[in-house]
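Input: a single structure, listed below in structure tokens.
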Amino acid sequence: MGKDKFTITFWGVRGGYPMPGPTTVKYGGNTTCIEVVAGDQRIIIDCGTGLIKLGHKMMQEHFATGRPIHATMLLTHTHHDHTQGLPFFVPTRHPASTLHIFGPMLVTESLEDVLDRAMSPPVFPLGKEELASQRFLEYVLTGDTLVLPEWGAPPEQYHLGHDPGAIPPDAVTIDVNHGYHHPKSGILFFRIAYHGRKVVIATDTEGYIGGDRKLIGFARGADLLVHDAEYTEEEYLGPPLIRQGWGHSTWRMATEVAEAAGVKLLALTHHNPAHNDEALERMLAQAQTRFHYTILAREGETIEVK
Ligand SMILES: [Zn+2]
Ligand SMILES: [Zn+2]
């Protein structure tokens, strides 16, 4: 594969909170973390507890090759299940690491303050001044494009347009979109493109009747759409709890987007911690009757984007 390599690996697929144990052993218990490798560049989407194991792998690679660690990290939002792995992400403590982190503008306080709060004494033994890595934190907004020109070079950030002709052929591009339907600051969607192929990440999103048209446009023709499918239809409608407005989708909402956008493959993710492996497979069977090319995101699985 080499230069043309474009893969996605699920390091955490669970929403809400971790759920390890025998009932989730097939699809995994760690919270959201996805690794995309495009050529020799690494992009990490979300920093749930799945990130911890990825961090150990990155350190092992560094010790085996001596090559510095470079990663572009994207946060869809700052809820625990998308950030809780960050304090335990070993590359942040190592001087060989350069991490470019991009996340949302929040309603209540700065992104930096929120991330610092989760990894500072007294809730964490180390303060950020004790971390030896180089870290750069930036906001991204709807309409932004990040261009990753080559391994080791810092990402370039464009707002509302860039000249596609000026993008090097081996660059990775990341387009950003925003959804309003996740409490309280909404959610960022990411479209990662490399060598003519594209992957769209749409977790923690809630559908609309007939599908989310903005997301459908953003995901049009994608080779892979990774979409939230936290609920069965019965759970979404209740009783006892009514989960409308909680910012998550049913499997049917995910398939509506996939079908209308004409994606090649749909991966359901953000698995409900209350859903064991059998429950997930029942949802998958239902989803496949609606959109045949559907799979369940599974912790540890790598998919080649063709
Ligand atoms: Zn979540
Ligand atoms: Zn959330």
Side-chain angles (χ1 to χ4, degrees), residues 8-20 24 27-36 44-54 73-89 101-111 113-115 117-118 139-142 176-190 200-208 212 214-215 225-232 235-236 241-251 253-254 257 266-275 279-280 283 296-299:
I8 175 167
T9 302
F10 297 103
W11 291 88
V13 296
R14 203 55 62 174
Y17 48 87
M19 183 52 79
T24 58
Y27 293 98
N30 278 302
T31 55
T32 302
C33 178
I34 297 169
E35 177 193 22
V36 169
I44 298 168
I45 303 102
D46 278 342
C47 301
T49 59
L51 179 72
I52 300 166
K53 217 166 162 184
L54 171 57
M73 304 175 74
L74 311 172
L75 292 169
T76 61
H77 64 314
T78 54
H79 288 168
H80 279 319
D81 50 329
H82 302 260
T83 54
Q84 240 175 4
L86 210 43
F88 307 97
F89 182 52
I101 306 169
F102 296 89
M105 199 167 272
L106 303 168
V107 172
T108 47
E109 57 188 300
S110 80
L111 179 62
D113 285 350
V114 173
L115 297 180
R117 187 144 48 89
Y139 293 112
V140 278
L141 303 169
T142 286
V176 183
N177 210 317
H178 180 264
Y180 291 97
H181 24 50
H182 197 69
K184 296 200 162 40
S185 295
I187 188 74
L188 293 179
F189 303 130
F190 297 109
V200 171
I201 310 293
T203 186
D204 295 63
T205 185
E206 185 167 344
Y208 298 121
D212 178 341
K214 192 165 101 165
L215 177 56
L225 169 65
V226 181
H227 196 291
D228 191 297
E230 171 117 2
Y231 301 131
T232 64
E235 286 166 337
Y236 184 73
L241 285 174
I242 297 164
R243 294 176 171 91
Q244 290 175 342
W246 288 19
H248 297 288
S249 292
T250 65
W251 60 263
M253 292 168 183
V257 173
L266 167 67
L268 304 178
T269 193
H270 208 271
H271 303 318
N272 191 320
H275 291 174
L280 289 178
M283 280 174 66
L296 293 167
R298 184 160 68 89
E299 187 176 319

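Given the structure is predicted, the values throughout are model-derived calculations rather than measurements. By convention here, the first residue in the shown sequence is residue 1. Counting convention: from 1, in listed order, for ligands and their atoms alike.
Inside a sphere of radius 2.8 Å centred on the Zn ion (ligand 2), the protein N/O/S atoms present are H77 NE2, H79 ND1, H182 NE2, D204 OD2.
For the side-chain contact (heavy atoms from CB on, under 4.5 Å) criterion with H178, the lone passing option out of V140, L141, T142 is T142. For the side chain to side chain donor-acceptor pair (under 3.5 Å) test with H270, the passing option among T32, T203, T205, D81 is D81; the others fail.
Shortest non-hydrogen contact noted between L111 and Y139 is N-OH, 3.6 Å.
Looking at E235 and H248, their side chains never bring a donor and an acceptor atom within 3.5 Å of each other.
Annotation: K214, atom NZ; neighbour count of heavy atoms from other residues, nucleotides and ligands within 6.0 Å is above 12.
A distance of 8.0 Å separates CZ in R243 from CD in E230, rounded to the nearest 0.5 Å.
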